Amino acid sequence: MELGFLLGSLLKIIAIIAYIYGLMWVLGRPSIWAKIAGLVGAFAVVQLALTDINGFRLLNNFDNGLLFQACAMTMVALGLNLIYGFNGQFSLGQWGFYGIGAYAAADITYRWINGDARGLLVLGLGTLLGTLVLIGINTWLQRFRGIPVLSSFTLYLIGALIAGTVAVYLGNQLNPLITPLLGTAGEPGPLNTPAVQQIIYFLSVILAGIFAAQISFLFGLPVLTLGSDYFGIATLGFTIVVNTLMVNSDTILPFPEMKGGRGMIGIPKLTTWFSAFFFMMLVIIIMRNLIHSSTGRSLVAVREDEVAAKAMGIDVAGAKLFAFVVGSFFAGLGGAVYAHYIGFLSPGTFDFLAGFNPLIIVVFGGLGSMTGTITATFGWIFFLEGMLRVLLSQMGTEAPTWRFVLYPITLLLLMLIRPQGLLGSVEWGFLKGPQFTPAPRSRPEPAHESVA
Amino acid sequence: MQTVQVPSTPVVYHRQQPLLWVGRGFFAILGLLVLYILGTNLIKNPTLFAQIFISGLQLGFVYAMIALGYTMVYGIVKLINFAHGDVFMVGAFTSFYAVSKYRLHQWPNTVFPNLDPGIGVIIGAITVILLSMLVCMILAITIERVAYKPLRDAPRISALITAIGVSFFLEFYGALNFVFSPRFIPYERPFEVVAWYIKDGIHRVLPGQQAPENSITFSNIFLIIIGVSILIQLLLQYLVRRTKIGIAMRACSYDRQAARLMGIDVDRVISFTFAVGAAFAGAGGVLYAIAYSLIWTQLGILPGLKAFVAAVLGGIGSIPGAFVGALIMGQAEAMTMGYISTPMRDAVAFTILIIVLLLRPTGIFGEPEKEKA
Amino acid sequence: MLLEVHNLNVYYGAIHALQGISFHVEEGEIVTLIGANGAGKSTTLRTISGLLRTRTGYIRYKGRDITNTPAQEIVKMGISHVPEGRKIFAPLTVRENLLMGAYTRNDPNEIQRTMERVFISFPRLKERINQLGGTLSGGEQQMLAMGRGLMSRPTLLLLDEPSMGLSPILVEEIFRIIQEINQQGTSILLVEQNAHMALSIAHRAYVLETGRIVLSGTAKEVAENPMVKAAYLGV
Amino acid sequence: MEMKSNGNKPTVLEIRGLTKFFGGLAAVRNFDLTLKQGELVGLIGPNGAGKTTVFNMITGLYVPTSGEIYFNGTNVVGLEPHEITRMGIARTFQNIRLFPNLTVLDNVRIAYHPHCGYTLTDGLLRTPRFSAKEKELTEQALNFLSIFQLDRIYNEVAKNLPYGEQRRVEIARALACNPQLLLLDEPAAGMNPREIIELMDLIHFIRERFDLTILLIEHQMRVVMGICEWITVMDFGQVIARGTPKEIQENPLVIEAYLGKGVTHVA
Amino acid sequence: MRSVKFLYVVLAMAMILAACAPTGGGGAAQPKELKVAILAPLSGPVPTFGVSTRDGALMAIDEWNAKGGVLGMKIVPIVEDSQCTPDPAVNAANKVIDQDGVKFIIGEVCSKASIPVSEIANAKGVIQISPTSTNVNVTVDSQGKVKPYIFRACFIDPFQGQVGAKFAWEKLGAKKAFIMLDQANDYVKGLAEEFEKAFTALGGEVVGKATYTAKDTDFSAILAQVAEAKPDVVYLPDYYNVVNLVTKQAKEKGINVPFVGGDGWDSADLDLAAADGGYFTNHYSPDDPRPEVQNFRKAYGEKYKDENGNPKVPDALAALAYDATNLLFEAITQAGTTDTAKVKDALEKIKFSGVSGQITFDANHNPIKSAVILAVKDGAVKFETVVNP
């Protein structure tokens, strides 16, 4: 009995990894049509498996939930891999940005379905104004040479606060124009049809990502100047501060609908396999295109040797900040997708201890390997939440207490056996960089024959 | 890099940094705000302030005992030993079993019935502490051998992940019913807590009575924690400054390769460092359990984290730094709890940490990072 | 033979750093290894003192096989390695640095006596006994490193680039002391970039090039070899 | 080697009163240097004399305590290192600093980053411009590598290369920054005599081909005396002599502080 | 080469189909077995609550099985670790519902885990009885509509808070109250808010409010505030672990104000010496001579031993889990079927006498039962008074 479940679960993990491999392989085909067909096919296969056909579903709700969690976690972990694996900045703050994204997106859609457009308006205007203000300040600061980081941080902070205030004011002014169209939750207005809700949901996910990115810009600007371990602790602090603010979101922060420690209920469950797949692929594609561009190479150069990177004309501080902001953007997207899958947010989810999970995944998969991160995320979730859960509950009522005893032991063993991570720095198909096979060339004059 | 001592004070040209005042002003305003809050409260009610200060001290000295282990281990192997807080927990549990189950704290009076009970309790309590320290040392050495040593040449992050793994393992293995059980267990103290109050001299608070208004109270636990913590600090200073193994520890943390060339068995020194840190954490665990009289398997997580933050604040790798950092953390938390709001205390503690790091990137006592290129 | 090294092959990852090196040191000799940076001189010393492992070949000391013995055992046997770049313990005082040199020894009186003897060779260290190692000047640091190496009372002293970064006057002083130490009965294996100085005090010399010994002989022979003249002594 | 007359060439680099203190210790004091277009100048002195510190200040890694550094008439003090590099100063390092886990090709392509020819958006959207420029960039990098006879190993990971090739990759990478002024920090360190001869040829060759001004730190007297037109000697952070190789070799101050009595008679 | 890879991809897709079949099929419950899932936080921040809940529920199941099961079916418990955290709880719920085909869930303990579980269970028509989740939104959705399939066995926050306030005002004659609460714990927060409302409505004054977090162990800064504020009563509606810490430290500081709390105090591990002089609202009195109570205590002690081999005394969590499980089986028996739609109707009408008193459900599926006030006095917990809803 147990053996059957063990084999079944193992087979499932292997099948998922094969799925990822197949997807990456087909996306790695040169033909654009093959790529599109592969993408659609990969989406359709799972969609089909999730569809109820005459009472039979290949993947039940349990698998479905794990799948969505894995998709959200993939975005978070890829973001962390960009920051830590590719750029070399040891960050424990990813979980905080995940939480920020989750709460920000949830607030938009929650308010929207309850007949309040302010969430969307304020955050939309805020991210827009904030971006403009940050770019403006940046342009102005370009005129100075050797400006201290703390001063520029203060200026950016003040700018962002002003932008935020203006956005809140404008949002409140504009709100009455839209509100009548929304209706209430009981009687949805014309702008609250499921189709519109999906649009708002997609907007909210993107806005949540941008919002997380902006916060990470403000936080990262001064903190990225710290040495690696110190940076790690400061970002751990960030996660804890964010968690504290979540617990106090209804007392210290003015968001009664988030209900602080009681948890935010009533978030519409708008995440579908399409949106989870869409955003995950979006993150994967952005990340892959980024890494294999010149900018991506400069990020990796910073990881390899900061001093040499400086000497190569790379703006090291800028590159670090860029990776941090993009990584946090991914985390924000992941959080937003997660929030609309689970429909309920509690600060307990964003506890700093859980914040080690993305780190464990990234190290497991192999630092600097996108493939490793993606497979490790799916493997990790389907091992811990899938396999161990299914197996242990088969083994009696006492066994489930062993889940978190077996997990660290597995962690230890894997780390001792493969300290460099499961896949090292291997990439599959699509995720590989563009390969150049140099044409044979006529050799230009060799060095020491031309002189002498 | 070889440089030359310049006899007279050199003329240093301060290069004009534009907009320097903006950043400085921002932090100055923050600082003034904190001073204002603390100052008004001090004037408004000095005894309350003193009372909060005392609880901050107690907290700080407990953190100091744990922080020492973090800072020593980090100094020598550059590893954030996340399992350290759980070693602290094991120390508390060991003393629990010694006291409640085996009545170890009563052995002097059982063996020597004529002994003065006061002295008996003292000897008994010291035995319990020593036993916990010993158990923690053995545990730490085992952890080091099994989980960290094989990864000494691997990337640093691998050892960090195993440290997290060990931490989870101790917490949840301990929570199994046949190990420590997951309960919140009331802890039987080996001796009773006596409180005193200060108002026109020092008086004892009689059981069941309230200390008079506007007085400052403190307990023997507070005195013991401060005493033991300072004793440990002195002991460690002696160990590190005067003994051969202590000097070898410093030598290893500065340059492991060179230390090996001196004939120092670096692995043994590292194990020793883990053991010493764990012993202090074990003693801390016992005192913590005695002070708060409640133990459970996850009790080490938060003190461990706070102590680690304290070590970073003080400049990780520096022993006096860990001590000072712990005291600052203790005060910051107590003051936040007293004057702002308790849930904000982690936020405030970490904000202080981040600000200190921004102003002094390697902590208060940290040595500046070496020159590059 | 005091030290015999035979067919040493050492790898750094995929890089073949030492490609079959063989040489020996007789009792009471100063033997020098010269060669460019990266030729494998320091690697040789580090292999002898147990910091690196060899894949093939053996090292014999006083007839005993010491291949791949841990560093602390090798120090106990009487081989002391003064590393390149001095590697003194900057946060330790001069006295503590010297005590670390005597780590393998236990008798405090004996250690005190050795320390006195070191102070005879390096009187400047005595003046600075309570100063932190990091605050010493370059020359003093080199003296401390050598004094520290002598604290284990070695029969064989491995010196790696003792003249590095020192002014010519100091270099001469250091080399005079090296000769003194040798005359007191300690054999010395000297690795030096300043081939001129090294050859002037050594009895025998080996020339290393990219992990191989390309030339050996008495110091005089080597110094007169035209290839050596061109590559290491020439201007 | 014939001496070129550079009297009327424009000044590329002018350093005035450069001073750097670390704590209370002066690493460099009152350092002056002028480089004219196309010159090849050597900077020598004992270890710790402050030569590398001068390099670090020119390239912006250290901010000088005082003094000015003019590059083509612009004061570069206070600029970020990458800004200085983009103005046209490139360097190599004493202890090779390649990007160890990247291929030779990527090492060079990173140097092209500031003028890669496409924007981040192009890269993210994989526009035709990205593909074209990236191809061009790679071709250019491979051509470049072939000049240094490194094209065969373009796909090797840098840390696995032998020492001499790592040096060449580092020089190639520095040149890929498209500099006007090249700073070489002990390029011959760790090379065997044959490699040193090749290196000297290489330096000559790149100087002609890329129209470079070169400032060189070196201990190998053979290299310095062989290829430099002018030499500046530093000791204890200060300049103690300047002149042609011949003058330097005969300067008693230099002999005492740096070359030692031995050098003259061996030479 | 290319075709080999393509073959591999096809193979992979086929494997997915194959892999999902053995575990994914689910399948309905066997007719002779009744599967009941117990979701409890066996790891995570509060494993002890999970263990008590699981043990309480398992004991009820064993008793029913000993009596021959429910409707002649053997009850098969499925225990899942839900960690008191939303995602694992949701996974656990999905797993038991879809993988194991369970139609009845006992759990979760924490409201923050129960709420997402309740949404899933309700959507699937699976009956969930949470033994201890006090948050209103466990049984009521965000629009204020009751979730038909979700019930709970405990008081909701408002009730206990009001009872506590009434008791403090009337029986203790308190005029000034100090409230201590954990912002992050919705149980504590809910009780504290309701207490504050009720107490001020009665005319009392809340002279201070201090918040702490569940991980705190040092309360001296808060207790200094308490001493400063000189209240007549301190309301501390937290679990016994926090109560032990706070009351002990208060005693040591010489603060002798009576503490008042909620059912979270009820535990064998409550430090009676420290909590001496305190009162708490509870579902039942341990001195209650009713056979339900006495039998339960005895049976529990026989079944579960602590690490010293002494019989364990059930805490409130175990008692409520026991009641919740019994409630469920009672309702199934009354409905005469395992059809959840019928069982839920039976539950709505049920009159059940459990350890925690007579239970009937109100319109929002919250139990209506009387509360008792217990006093901690002279090393024992004593019955003080009954307060009816």
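Note that the structure is a prediction, hence the values are computed from the model and not measured. By convention in this document, chain letters (A, B, ...) are assigned in the order of the sequence lines, proteins followed by strands, and residues within each chain are numbered from 1. All heavy atoms count here, side chains included; hydrogens, waters and symmetry mates do not.
- Interface remark: D:Pro114 contributes side-chain atoms only to the contact with chain A (heavy atom separation under 4.5 Å).
- In this structure, CG in D:Leu120 is found 9.5 Å from OG in A:Ser298, a value given to the nearest 0.5 Å.
- Taking CZ of D:Arg86 as the start and CE of A:Met312 as the end, the distance is 12.0 Å to the nearest 0.5 Å.
- Contacts between A:Ala317 and chain D at a heavy-atom distance below 4.5 Å are absent for every atom of the residue.
- The most heavy-atom pairs under 4.5 Å with chain A, out of D:Arg173, D:His115, D:His113, come from D:His113.
- Of all heavy-atom pairs spanning D:His82 and A:Gly313, the tightest one is CB-C, 3.4 Å.
- A salt bridge between A:Glu304 and D:Lys159 is absent, with no side-chain N of the basic residue lying under 4.0 Å from a carboxylate O of the acidic one.
- For A:Phe144, no part sits under 4.5 Å from any heavy atom of chain D, backbone or side chain.
- In this structure, NZ on A:Lys310 lies 10.0 Å from CG on D:Asn56, to the nearest 0.5 angstrom.
- Distance CG/A:Asn289 to CG/D:Asp122: 11.5 Å, rounded to 0.5 Å.
- Considering only residues two or more places apart in sequence or on other chains, A:Ser31 meets the side-chain contact (heavy atoms from CB on, under 4.5 Å) condition with A:Trp33, A:Ala34.
- The two residues D:Leu102 and A:Arg303 have their closest heavy-atom pair at CD2-NH2, 4.4 Å.
- A distance of 10.5 Å separates CG in A:Asp305 from CD1 in D:Ile110, rounded to the nearest 0.5 Å.
- Evaluation of the side-chain hydrogen bond (donor to acceptor under 3.5 Å, both in side chains) rule for A:Gln214 yields A:Thr131 as partners, not counting sequence neighbours.
- For D:Leu98, the part lying near chain A is the backbone, with the side chain staying farther off; criterion is any non-hydrogen pair under 4.5 Å.
- Across all their heavy atoms, D:Arg126 and A:Arg288 have their closest contact at NH1-NH1, 3.4 Å.
- Open room surrounds CZ on A:Phe211; 12 or fewer heavy atoms of other groups in view lie less than 6.0 Å from it.
- The two residues A:Ala308 and D:Phe99 make their nearest non-hydrogen contact at CB-CE2, 3.8 Å.
- Proximity of A:Ser294 to D:Tyr118: side-chain heavy atoms (C-beta onward) are separated by under 4.5 Å at one or more points.
- In this structure, A:Ser293 OG and D:Phe130 CZ are separated by 6.0 Å, a value rounded to the nearest 0.5 Å.
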